[in-house]
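Notes for the one structure printed next.
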Amino acid sequence: NAGVMQNPRHLVRRRGQEARLRCSPMKGHSHVYWYRQLPEEGLKFMVYLQKENIIDESGMPKERFSAEFPKEGPSILRIQQVVRGDSAAYFCASSPSSGGESSYNEQFFGPGTRLTVL
Amino acid sequence: QQQVKQSPQSLIVQKGGISIINCAYENTAFDYFPWYQQFPGKGPALLIAIRPDVSEKKEGRFTISFNKSAKQFSLHIMDSQPGDSATYFCAARGGGTSYGKLTFGQGTILTVHP
C-alpha cells in the first residue's frame, strides 16, 4: 500500500526559473494539501485541493504560486520565477476526506521536495 | 486566533525518562488535534491524535492529554528511547474557512540520551 509520493525529492533552480513539484496521493484519497517548511520552522499550510477544485488557497502567496489537482494525474505545485526565499521543503499530504464525525480523516504526508534556489 | 503555540523548543531527556511537550490554542472551532514526528530529511509521520470530547488517549508509550477548558493539550512519551529523538509537531484542524487545513506548532526538538 504505497504512501503519498512526491517527486522530485530534490530540486535545484536558478533565480527566475520555474519549479514544478508533483504529488500523488495515497490510493483512495481524494484530498490533497500542500505545506511549506522553511529551515528550522514548522509547517505552514499553503493550499487544499480536491480533484479539479481548489478548496482553500488562503496560505498561498498572491503571486508566482499556483496549484492544481487534475482529474487524472498528480497534484502539481508550480512556482514561477523562483527567488532565494522560495528555498524550503514542500510537503504534500492526502486524506480520504476533509473531516467530519465519521472518522479522523487523518492527513498522511509524503517525503517532501527540497527546493534550493541558487 | 489561528495560532498553535508549542513548548519547549527543545528538550533533552535521559533514556527511560518521560518527555512532555505542550501546546495551546485559541480557536475553539478546532476539532481534531494530531501529533506528528519528523526525522531529519523525512516527512512528518502521524503519531497519535485526539478529538476534544476525549480527555486522554494512549497508544503504547505515547499519551495525549487534552484540557478543553484551558485550550491546551500535551504529548507524553513514557520510557523515552534514543530512537525517539526527532522533532515533534502538534497541530490543530479546522476553524476559519477551511475545514481540512492543519495549523502546526513550531516544533520541539527532542533528544534522548542513552
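Naming convention: chains lettered A, B, ... in sequence-line order (proteins, then strands); numbering from 1 in each chain.
With contacts defined as side-chain heavy-atom distances shorter than 4.5 Å, the pair A:Q37/B:F104 does not qualify.
Contact tally against chain A (heavy-atom pairs below 4.5 Å) for B:T87, B:L46, B:I109, B:L102: the top residue is B:L102. By number of non-hydrogen pairs under 4.5 angstrom with chain A, the leading residue of B:G107, B:A91, B:G43 is B:G43.
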Check your understanding: Can you check side-chain hydrogen bond (donor to acceptor under 3.5 Å, both in side chains) on A:Q107 and A:Y48, steps first, answer last?
Key -> CA-CA 11 Å; A:Q107 292 183 25; A:Y48 162 31; over 6 Å; no
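Looking at B:Q6, there are no atoms closer than 4.5 Å to chain A (heavy atoms on both sides), in backbone or side chain. If you measure heavy-atom distances from B:P34 to chain A, you find no contacts under 4.5 Å at all.
In this model, a donor atom of one side chain and an acceptor atom of the other lie less than 3.5 Å apart for B:N67 and B:S69.
With values rounded to the nearest 0.5 angstrom, A:S75 atom OG is found 10.0 Å from A:L21 atom CG.
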